[in-house]
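Each chain gets a letter, A, B and so on, in the order the sequences are listed, and its residues count up from 1. In this text the structure is predicted, and so the values were computed from the model without any measurement.
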Number of protein chains: 2
Amino acid sequence: MANIRDVAKQAGVSVTTVSRVLNDHPYVTEEKRLAVEKAMEELGYYQNINAIHLSKGETRLIGVAVPFINHSYFSTLLNGIADQALVRDYNLVFYQTNYQEQEERKALEALKRKQVDGLLILSRASGWEAVDEYQEFGPIVVCESSNHTRIPCVSVDHYEAFRFGMRYMIQKGHRHIGYCIGRMNGTNSNLREMAYCEELEFIEEPYRKDWVFNNCLTIEDGKRVANEYMSLEERPSALLITSDQVAAGFRMEAEKQGIRVPADVAILGFDNHPIAEALDLTTIELPLHEVGMSLVEKVSSKNPTSAIYPFELVERGSV
Amino acid sequence: MANIRDVAKQAGVSVTTVSRVLNDHPYVTEEKRLAVEKAMEELGYYQNINAIHLSKGETRLIGVAVPFINHSYFSTLLNGIADQALVRDYNLVFYQTNYQEQEERKALEALKRKQVDGLLILSRASGWEAVDEYQEFGPIVVCESSNHTRIPCVSVDHYEAFRFGMRYMIQKGHRHIGYCIGRMNGTNSNLREMAYCEELEFIEEPYRKDWVFNNCLTIEDGKRVANEYMSLEERPSALLITSDQVAAGFRMEAEKQGIRVPADVAILGFDNHPIAEALDLTTIELPLHEVGMSLVEKVSSKNPTSAIYPFELVERGSV
DNA sequence: TTGTATGCGTTATCAT
DNA sequence: ATGATAACGCATACAA
């Protein structure tokens, strides 16, 4: 592979001049520029990007740590991230963490070792301290409802969204309300739990453990919940469900088994994924594509700030 | 940022020795190793990965060009790719091309400029020549049914899968068969078209342009097709549909409008996505996760070969 | 077992 | 307007 020195020699100029034409710098005569271009052509020259990275100390790469990709919540975020990265001329390197701290650490190390200029964490298993520890090595933005003052977060306010959903159900006359959650111990899940408990307290209803369904991420999980729901002695009349995917699985399975939505049980999803419209699911729309774009904006600034995006109720026929 | 020379000086050894302990090379006394480790600790040293890349001439990065990510076909492939990349200690850089030749070119250029050691193309708008042109710069594997002898392909045999689907419908007594396609001019779409025409000829039925539905990628597209279907003067009794997503949209909308599946129209999806089970969709299962893993295996070998993965009929209640 | 010197390919500083 | 030279940080052939 021909390098910049070969080109310089071939063109009868210095490497500096070659570098100048490469980077469209001023102060190079048309004559020399042509000579350089001719030499590049002849030698089949192209720049080695690693050398540029080393020399410049930046890679125009943004790392994205995501638990798994084949999940509409994350892939929608990623779509927004990719769109904005394109605009800002960044490329993306992708770390599938599967909620393993060890894999999240790899992404953080990549930032430290200058593989990427910044890091986006879409969800995490590691504690805040682990993340905080790496902030000195470059901008990090987390996609979570912010309650950490030192780490920039861009997200929807999951706490408020969930509380809004609860109040909506209450206003519709429901008092026996259950809910589904993605995984225990996630930040967003904790916020939902908190909102749930507070609203329950508000209407003076007890917390019933068997009305809380854990590990709900996929359509299949929704089906599973439907079956668990049916085997309940006492059933809630309303359910707030992790996502539209899970809500869809729930609705399809429940109706197959003769449960009527919303007559027997009202359900509310989150995201406003196309599947929600197809299944006539009332849902709380989260602007995930926008959040994704915002994440890239934030991480590409020297001092990222936090931002919270609004949600919106989309009323359909499941409540 | 402390570099390897600083560590060497601090430890009172040469850079070579430091490099040796960094890379677990033999021939370094325990004493010096300790001194080096101590120095690294004191200076807060860590390796700069770009320097390693430049020096070694490899990045352990694999590029993945994908039209868009928020689509279950691609995100399932990507999930397999990421899983296998993890095993083989590769990271992934992600190029969202949106079927723009210009963006695909960027991914190819990244290979040429040594940003990535190999490139995976999940689907493309560019011609074979454009891809072929870059093969000299590193391994490229395309996720398509192979008919190009020079470019390695790993995929499901979409032609055979579609033909199999046609024969299945025919065997079920259908003679008026239509189909949905993702986009015209895609390799896989062309193969499906070919299989469709051949089987039509086989049963001596005419090709009816209004029974072929283009641009079908999402649930919404399925709904649209259902409406187009209903406005048809003469309707086919069976439909082969791009993917389970589209088939799901079709079924939901059609049934909402009083069309019975499979009594009025039999439908067959592809992929065996969870939504297919939820909606009782007969489908042709494609081992996309495996294909994804295989893509990484192939691209990480010096001379990638092609491979075709088998499909499997999953009979449910939509045919 | 250890160190010296050179290569990797580019950008940036500074002098001219 | 142009060029010599020093970074950038690491790996490695070769010598010792």
Charged N to carboxylate O below 4.0 Å: is that the case for A:R33 and A:E30?
-> yes

Look at B:K56 and D:dT12 and indicate whether a side-chain polar atom (N or O) is within less than 4.0 Å of OP1 or OP2.
-> no

Taking the side chain of B:N48 as its heavy atoms from C-beta onward, which of D:dG9, C:dG3, D:dT2 lies nearest to it?
-> D:dG9

Would you classify A:L54 as touching base, sugar-phosphate or nothing, given that sugar-phosphate means primed atoms plus P, OP1 and OP2, and contacts are heavy atoms under 4.0 Å?
-> base

Taking only the side-chain heavy atoms of B:I52 (C-beta and beyond), determine which of C:dT11, D:dA11, D:dT2 contains the nearest atom.
-> D:dA11

All heavy atoms of A:K302 vs all of A:P304, minimum pair found to be O-CD, 3.3 Å

Can you tell me the distance, in whole Å, between the CG atom of B:D24 and the P atom of D:dA11?
-> 12 Å

Is B:R124 salt-bridged to B:E103, cutoff N-O under 4.0 Å?
-> no

Mind calculating the distance between NE2 (B:H25) and C1' (C:dT1) to the nearest angstrom?
-> 15 Å

Candidates D:dT12, D:dG3, C:dG9 - which lies nearest the side chain of B:V15 | D:dT12

Looking at D:dC10, D:dT2, C:dT11, which one has an atom nearest to any side-chain atom of A:S55?
-> C:dT11

Would you kindly compare B:A51 and B:G12 by the position of their nearest DNA chain C nucleotide and give the one closer to the 5′ end?
-> B:G12

Which pair of non-hydrogen atoms, one from B:L120 and one from B:L295, has the smallest distance, and what is that distance?
-> CD1-O, 3.7 Å

Closest heavy-atom contact between A:Y73 and A:N188?
-> OH-ND2, 4.1 Å

Could you tell me whether the side chain of A:T76 and the main chain of A:S72 form a donor-acceptor pair under 3.5 Å?
-> yes

Rounded to the nearest angstrom, tell me the gap between atom CD in A:Q115 and atom C1' in D:dC10.
-> 15 Å

May I ask you to verify if any side-chain N or O of A:K32 is less than 4.0 angstrom from the OP1 or OP2 atom of D:dG3?
-> yes

Here the residues of residues 16-23 of chain A within 4.0 Å heavy-atom distance, strictly under, of DNA chain D are A:T16, A:T17, A:R20

Interatomic distance where NZ belongs to A:K9 and C1' belongs to C:dG9 [whole Å] = 14 Å

Whole-Å gap separating P (C:dG3) and OH (B:Y27) = 16 Å

Rounded to whole Å, the CG-P distance (B:N3 to D:dG9) equals 6 Å

Quick one: which of C:dA5, C:dG7, C:dT10 gets closest to the side chain of A:Y45?
-> C:dT10

For the pair B:D157 (side chain) and B:Y159 (backbone), establish whether a donor and an acceptor sit closer than 3.5 Å, ignoring hydrogens and angles.
-> yes

C:dT11 P sits how many Å from A:I49 CD1, rounded?
-> 11 Å

Send over the distance from B:E58 CD to C:dG7 C1', rounded to a whole Å.
-> 17 Å

